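What follows is a single structure, written as C-alpha cells, with notes after it.
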Amino acid sequence: MGRKSAHRLRCREVGVPWSKDEERMLAQIESYLIDADPRLAARLESFNERVQRKAAGEQKRAAREASGRRRLSRSSIIILVSWLLIATLVATLLIMVFHHDAAAALPM
C-alpha cells in the first residue's frame, strides 16, 4: 500500500469526510513534503505507525475488559514466580536442616 493510499485509509478510519478537492490538495501537499524532506516523511510515517499500534492495543485491551477476562500483568507474574521460588528454597532448607538434625540424633 502506497503512502498516499495509506493516508486516505487513515482519514476514512477516523471518519473525516474529505471532499475530492481536499483529498487532491492533501495528496499534493503530501507528495511535496515527501520530495522536499524525505527524513521528515519517514519520521511522520513512523509516528503514524506507532499511533496505529497504540490504537490497536487499546482496542484489544477494551475488548478483553468487555469480555470479563482479567489478564495478569507481566510484573504480577514475575512477582508470583519469585515468591514461588523463595518458598521452594525455604522449604528445601528446612527439610535439609530437619533431616540433618534427625540423622544426628540417631545412635551410631
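All values reported here derive from a predicted model rather than from experimental measurement.
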Hydrophobic cluster mates of [X], side-chain heavy atoms under 4.5 angstrom, ILVMFWY only, any path?
X	result
Leu40	Leu44
Phe47	Val51
Trp83	Ile79

With sequence neighbours left out, what residues match Ile78 under side chain to side chain contact (heavy atoms under 4.5 Å, CB included)?
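Here the qualifying residues are Arg74, Ser82.
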
Can you sort out the partners of Arg61 under side chain to side chain contact (heavy atoms under 4.5 Å, CB included), two or more places apart, ordered by chain and number?
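Partners of Arg61 by the side chain to side chain contact (heavy atoms under 4.5 Å, CB included) criterion, ordered by chain and then number, come out as Glu58, Arg64, Glu65.
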
Under 3.5 Å, which donor-acceptor pairs link side chains of residues 85-94 to any protein atom two or more places apart or in another chain?
{"residue": "Thr88", "atom": "OG1", "partner": "Leu84", "partner atom": "O", "Å": "2.8"}
{"residue": "Thr92", "atom": "OG1", "partner": "Thr88", "partner atom": "O", "Å": "2.8"}

At what distance, to the nearest 0.5 angstrom, does CD1 of Ile34 lie from CD of Glu45?
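One finds 8.0 Å between CD1 of Ile34 and CD of Glu45.
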
Looking at CG of Asp35 and CD of Glu30, how far apart are the two atoms once the value is rounded to the nearest 0.5 Å?
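If I round to the nearest 0.5 Å, the distance is 10.5 Å.
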
Step by step, would you call His99 with Met96 a side chain to side chain contact (heavy atoms under 4.5 Å, CB included)?
CA-CA 5 Å; His99 181 69; Met96 288 174 62; 5.8 Å; no

Restricting to salt bridge (charged side-chain N to carboxylate O under 4.0 Å, His left out), what partner residues turn up for Asp21, sequence neighbours left out?
Arg24

If the condition is side chain to side chain donor-acceptor pair (under 3.5 Å), which residues does Ser76 pass it with, not counting sequence neighbours?
Ser73

Determine whether Leu33 and Ile29 satisfy the following criterion, side chain to side chain contact (heavy atoms under 4.5 Å, CB included), listing intermediate values before the conclusion.
CA-CA 6 Å; Leu33 286 175; Ile29 293 170; 4.1 Å; yes

